[in-house]
Number of protein chains: 2
Amino acid sequence: MASNAQPVSAKTPVTLREVAASAGVSVATASKALNGQGRMTAETRERIRETAQRLGFRPNSLAQSLLRRRSFTVGLLTNDTYGRFSLPVMSGISDALVDKGVSVFLCNVEDDKRLGQLHVDAMLDKRVDGIIATGKRIDRHLPVDLSNLGVPTIYAFTQPDPGAIAFVSDDAGGARLAVEHFCRLGRRRIAHVTGPASFAVVHARAQAYRDVLTEKGLPVMEPLLGSWSEAWGHEAVKKLFDGKLSKSGDEKPDAVFCGNDQIARGVIDALRERGLGVPDDVGVIGFDNWQIVAEATRPPLTSVDMNLAALGREAGLTLLSLVGGEPAEPGIRKLPCRLVVRQSCGRLPDG
Amino acid sequence: MASNAQPVSAKTPVTLREVAASAGVSVATASKALNGQGRMTAETRERIRETAQRLGFRPNSLAQSLLRRRSFTVGLLTNDTYGRFSLPVMSGISDALVDKGVSVFLCNVEDDKRLGQLHVDAMLDKRVDGIIATGKRIDRHLPVDLSNLGVPTIYAFTQPDPGAIAFVSDDAGGARLAVEHFCRLGRRRIAHVTGPASFAVVHARAQAYRDVLTEKGLPVMEPLLGSWSEAWGHEAVKKLFDGKLSKSGDEKPDAVFCGNDQIARGVIDALRERGLGVPDDVGVIGFDNWQIVAEATRPPLTSVDMNLAALGREAGLTLLSLVGGEPAEPGIRKLPCRLVVRQSCGRLPDG
DNA sequence: CTTGGTTGGGAAAAGGTTTTCTCTTGTTGG
DNA sequence: CCAACAAGAGAAAACCTTTTCCCAACCAAG
């Protein structure tokens, strides 16, 4: 609102030399005046500052970077083009860095080794201060070798090289959250429907599921592995409610913990088609907290959120401290998940 | 693969000076040798090349940029953090630029003026060669003024400033594709269920819908405006099949053209609940071709694709030609949509 | 009047590359 | 044998900023 006279944006950026000339001083003095360095009369400093302001001077970041050997730039590699996983991560990274004046090169390498090398080389040529790798799966490498690059590297939600620093979601912890929540709500026969065995997280979550039920002395049904799709959710309901499941016989599940939100959606739809009420007859919890799915589901889906933005933020801040020369322990840091309770899981009876 | 002896990645990058020293020539000669400039014996050139290779020399992009006043870097502004719209656009841009050695700064400005200015300033300081603005809506401005920046600017899938160059989807054309496809399939009573009136595309598509039906001499039902949600799709089916719609009376729609894929999904689910078969009784076409929704729908959803990646590619290439000094007409370029036929729209009766 | 310290400011190098200009040497034609 | 010329390679300026070092002037004290 304060109507600052905006300097007219020049076709060619104004340099420190021009500022100095216009203020009648040397470039050295001008530089010092603007950076609060050196000794000079207050008037001189102020005059130079005003001149710079009037001319719309902004220091050339390239020249600064060349001198300081620090570009205030980081590279972000991903193979998750349309990713609902890496996007929140990116967003968190960006959040963490923008305040420090650091810009992010986003590079999608798909699963193409050539493209990966291309992008990494371009980053190094542009003297990025560091690199963050992210992806669509926690248990797969990007198609490019990031060890020994000469710049700090952090892995976020992707498979790290040995000896590196990585941030990933605590999938087992997330699964515990969901199953324990069901237990607290008094559900007794909790099933688990999840994705394909080729995903590491499938096993981590399934094991946590078994662990919690064992701890609580509740019956463990063997997790149903399938695909990450609604269709599989549908099909799994058929298996759960038509077949005989465990030795304990004919009792049907009163809760289903699903490996992702799409499966959960399929499960809920299939339950409705059978005339089973969600959450009254069967509680359902999903995973990923993919908002657009979770909120469109009837009833809205309770789901485990992996806190990916926070994960990205941590990765960004850690990279920055690495760039600043501070040491950091290598290793994998698991960040906790969080249960977002909506209506599909039910409430305590006496609520 | 040819086992090239990979140069050991040095902690500190090797400079041209070191290459020159190692090859026993001056930096000038070394530079010319590597760039194919100047005159020298083939042996000298080759020797320098080999030395550079051996040392793993890569020119410092910052120094080059400083000299050439060209950073091989562009800024990409968006306000679509989790966007399924701007992400394909970005992907297209990146595709178009990576081959030319241009890297992309991705900056999410949300809808925050301060953040926008912050990012734009950072870009200008880093001497980007150009800026591309994209967003989540074609009829809204980013929260930042990009006119008169001193660098070429292109708008892609967002509201341009007057006199700028912009690429947007041809929503009217896309709607025509859908409605005409229904006509070709012999559908006669085609309804339109779409989003809120506050979106310009809603009107553009609705008008195209009316135009096509009028041209074909088919009855025009007033488009139903609501929200972009599944729930609205559900509700709209109620209105379409319970109420009396147009003067022509009691005939129910045999096709529904939906404003996006989520609405279409809601429509299909609601039709199924009424015992109406898709596509046999009613054909359905969506918009956006959001793959994960379109393919999970039963039956898989026919949908209009806005070709956003192509749009991004065009934007990227145009920006590059602008940076190269070639002139370009200002104005809005509408890029055609494409109908992705799956199973929800039906086929010709005789196949 | 010297000496020593302080104050305000400038000159120059550094950062890494590209490019223009200049210089040396060898070759060819007269 | 000399002039003219081409080839091969180096010196230096330029890009823009930061920082170190240095200089001139001024002041007070001895």
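Throughout, protein chains are lettered first and strands after them, A, B, ... in sequence-line order, and every chain is numbered starting at 1. No hydrogens, no waters, no symmetry mates; every other heavy atom, side chains included, goes into these values.
- The nearest whole Å value for the distance from the CG atom in A/L66 to the P atom in D/dT17 is 12 Å.
- The residue A/S31 sits close to a base: some heavy atom pair falls under 4.0 Å.
- A donor-acceptor pair is defined here as one N or O able to donate and one able to accept, closer than 3.5 Å; no such pair exists between the side chain of A/T158 and the backbone of A/A133.
- In this structure, B/Q64 does not reach the C/dG16 phosphate: none of its side-chain N or O atoms is under 4.0 Å from OP1 or OP2.
- The phosphate of D/dA6 (OP1 or OP2) has no side-chain N or O of B/R39 nearer than 4.0 angstrom.
- At a cut-off of 3.5 angstrom, counting only N and O atoms as typed in the model, there is a donor on one side and an acceptor on the other between the side-chain of B/K32 and the base of D/dG10.
- Per the geometry, CZ belonging to A/R127 stands 9 Å off C1' belonging to C/dG16, to the nearest Å.
- Listed pair B/S26 / D/dA11 fails the phosphate criterion, with no side-chain N or O lying under 4.0 Å from OP1 or OP2.
- Among the protein residues, B/T44 comes within range of the sugar-phosphate backbone only, with heavy atoms under 4.0 Å from sugar or phosphate atoms but none that close to a base.
- At least one donor-acceptor pair under 3.5 Å links the side chain of A/R49 to the backbone N or O of A/A33.
- In this structure, A/L62 places its CG atom 12 Å from C1' of C/dT17, rounding to the nearest Å.
- When rounded to the nearest whole Å, the span between CD of A/Q37 and P of D/dT17 equals 16 Å.
- As a whole-Å value, the separation of A/D125 CG from C/dT17 C1' is 13 Å.
- Electrostatic pairing of B/R140 and B/D80 does not count as a salt bridge here, judged by no charged N lying under 4.0 Å from a carboxylate O.
- The ring-ring contact (aromatic ring centres under 6.0 Å, His included) search around B/F105 returns A/F105, not counting sequence neighbours.
- C/dG8 atom C1' lies 11 Å from atom CD1 of A/I48, rounded to whole Å.
- Considering only the side chain of A/L16, D/dT17 comes nearest among D/dT17, C/dG15, D/dA12.
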Apply the test side chain to side chain contact (heavy atoms under 4.5 Å, CB included) to residues B/L320 and B/K100: give CA-CA distance (whole Å), side-chain angles for both, the deciding distance (0.1 Å), then the verdict.
CA-CA 9 Å; B/L320 237 45; B/K100 328 272 181 178; 3.4 Å; yes

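- Using a distance-only test at 3.5 Å, with no hydrogens or angles considered, a donor-acceptor pair links the side chain of B/E18 to the main chain of B/T15.
- Taking a pair as Watson-Crick or G-U with both hydrogen-bonding distances under 3.5 Å, the stems of three or more pairs touching DNA chain C are C:1-30 with D:1-30.
- Counted by atom type alone, B/T73 and B/K126 present zero donor-acceptor pairs between their side chains at under 3.5 Å.
- To the nearest angstrom, C1' of C/dG16 lies 15 Å from CZ of B/R58.
- Toward the 5′ end of DNA chain C lies the nearest nucleotide of A/G24, the other residue of the pair B/T15 and A/G24 mapping further downstream.
- Among the nucleotides C/dG15, D/dC16, C/dG10, the one closest to the side chain of B/R69 is D/dC16.
- Nearest to the side chain of B/R68, among C/dT18, D/dG8, D/dA9, sits C/dT18.
- Contact annotation: A/N35 side-chain N/O to D/dT18 OP1/OP2 distance is under 4.0 Å.
- With distances taken from any side-chain atom of B/T41 to the nucleotides D/dG8, D/dA11, D/dT18, the minimum falls on D/dG8.
- The side chain of A/M40 lies closest to C/dG8 when the candidates are C/dG16, C/dG8, D/dT18.
- Regarding B/R17, its CZ atom lies at a distance of 13 Å from the P atom of C/dA13, rounded to whole Å.
- Ion pairing of B/D129 with B/R68 is absent here, as no side-chain N (NZ or NE/NH1/NH2) approaches a carboxylate O to less than 4.0 Å.
- Side-chain atoms of B/L67 lie closest to C/dG16 of the nucleotides C/dG16, C/dG9, C/dG15.
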